[in-house]
Amino acid sequence: MSVHSTSGVVAWSDTDASGRFHHTAAYRWAENTEHALYRSVLPDIDIGRFPRRATAASYHQPLTAGDEYTVSLEVEHVGNSSITYTWDVIGPAGVCVRGEHAVVHVDADGRPAPVPRALRERLAPTAGAA
């Protein structure tokens, strides 16, 4: 399976009143990694055509403002109109969040549409799906 990764630093605005990263930050970081993957395959892709269908995450360790992290995103499955990803947010002490999400590619009217061919050709072999 192919892994796409991005790195960052936890911003103060990513934290909540406890000083730890807010649970929604992990979803933003994973989504940003997903979008970077799309742009690496199709630079002019309309990333707004991939709304979430399902998401899940489990939290293992906290991160605080200033901590460095890496998001490792793997393509789990490529269907006709959907893509499923698994991902980890890894901090200085190891895995902080394990998550997964599925997206559906939609047309201009918001109806499910086939995943763009160039994206399918790049992602499907790494997921073992066709």
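With hydrophobic clusters built from ILVMFWY side chains whose heavy atoms lie under 4.5 angstrom apart, Leu42 shares a cluster with Val115. Val95 and Tyr59 are members of different hydrophobic clusters when ILVMFWY side chains are connected at heavy-atom separations under 4.5 Å. Note on Val41: it clusters hydrophobically with Val78, by side-chain heavy-atom contacts below 4.5 Å among ILVMFWY residues.
When side chains are defined from C-beta on, Pro51 does not count as touching Val103, because their heavy atoms never get closer than 4.5 Å. Between Pro116 and His105, the closest side-chain pair of non-hydrogen atoms falls below 4.5 Å. Side-chain contact between Pro114 and Ser81 is absent, with no heavy atoms from C-beta onward closer than 4.5 Å. Residues His101 and Tyr85 have side chains in contact (heavy-atom distance under 4.5 Å, counting atoms from C-beta outward). Two residues are said to be in side-chain contact when any heavy atoms from C-beta on lie closer than 4.5 Å; Val97 and Tyr69 fail this criterion. In this structure, Val10 and Thr64 have side chains that are not in contact, with every pair of non-hydrogen atoms separated by 4.5 Å or more.
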Between Ser40 and Arg122, is a side chain to side chain contact (heavy atoms under 4.5 Å, CB included) present by the stated rule, with each step listed? CA-CA 10 Å; Ser40 75; Arg122 170 80 181 274; 4.0 Å; yes
Take Val9 and Asp67 through the side chain to side chain contact (heavy atoms under 4.5 Å, CB included) test and state the conclusion after the steps. CA-CA 6 Å; Val9 176; Asp67 285 345; over 6 Å; no
Walk me through whether Thr33 and His4 qualify under side chain to side chain contact (heavy atoms under 4.5 Å, CB included). CA-CA 7 Å; Thr33 304; His4 190 80; 3.9 Å; yes
Would Phe50 and Leu119 satisfy side chain to side chain contact (heavy atoms under 4.5 Å, CB included), going step by step from the backbone distance to the final call? CA-CA 12 Å; Phe50 292 88; Leu119 191 60; 3.7 Å; yes
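More than 12 heavy atoms of other residues, nucleotides or ligands shown are found within 6.0 angstrom of CD on Glu121.
Here the straight-line distance linking atom CZ of Arg98 with atom CG of Asp88 works out to 4.5 Å at 0.5 Å rounding. We find the CZ-CG distance between Arg39 and Asp44 to be 12.0 Å, quoted to the nearest 0.5 Å. For the atom pair CD1 of Ile47 and OH of Tyr38, the computed distance is 9.5 Å after rounding to the nearest 0.5 Å. To the nearest 0.5 Å, atom OG of residue Ser72 and atom CD1 of residue Ile90 are 4.0 Å apart.
Side chain of Asp16 to main chain of Ser18: a donor-acceptor pair is present (N/O by atom type, distance under 3.5 Å, no hydrogens or angles).
Minimum interatomic distance between Pro62 and Cys96 (heavy atoms only, all atoms of both residues): O-SG, 4.4 Å. Nearest heavy atoms, Asp14 versus Arg28: OD1-NH2, 2.6 Å. Ala102 and Thr84 get closest at one heavy-atom pair: CB-OG1, 3.9 Å. The two atoms that bring Arg120 and Gly79 nearest to each other are NH2-O, 2.6 Å, heavy atoms only. Closest heavy-atom contact between Gly94 and Gln61: C-NE2, 3.8 Å. When every heavy atom of Pro92 is checked against every heavy atom of Leu63, the shortest pair comes out as CD-CD2, 3.8 Å.
Ring to ring, Phe21 and Trp29 are close: their centroids are under 6.0 angstrom apart.
When each of Val71, Leu37, Thr70, Asn32 is tested with Thr6 by the rule side chain to side chain contact (heavy atoms under 4.5 Å, CB included), just one qualifies, namely Val71.
Here Glu34 pairs with Arg52 in a salt bridge; the nearest charged N to carboxylate O distance falls below 4.0 Å.
For Tyr27, the ring-ring contact (aromatic ring centres under 6.0 Å, His included) partners at least two apart in sequence or on another chain are Trp87.
No hydrogens or angles considered: a donor-acceptor pair under 3.5 Å links the side chains of Ser58 and His60.
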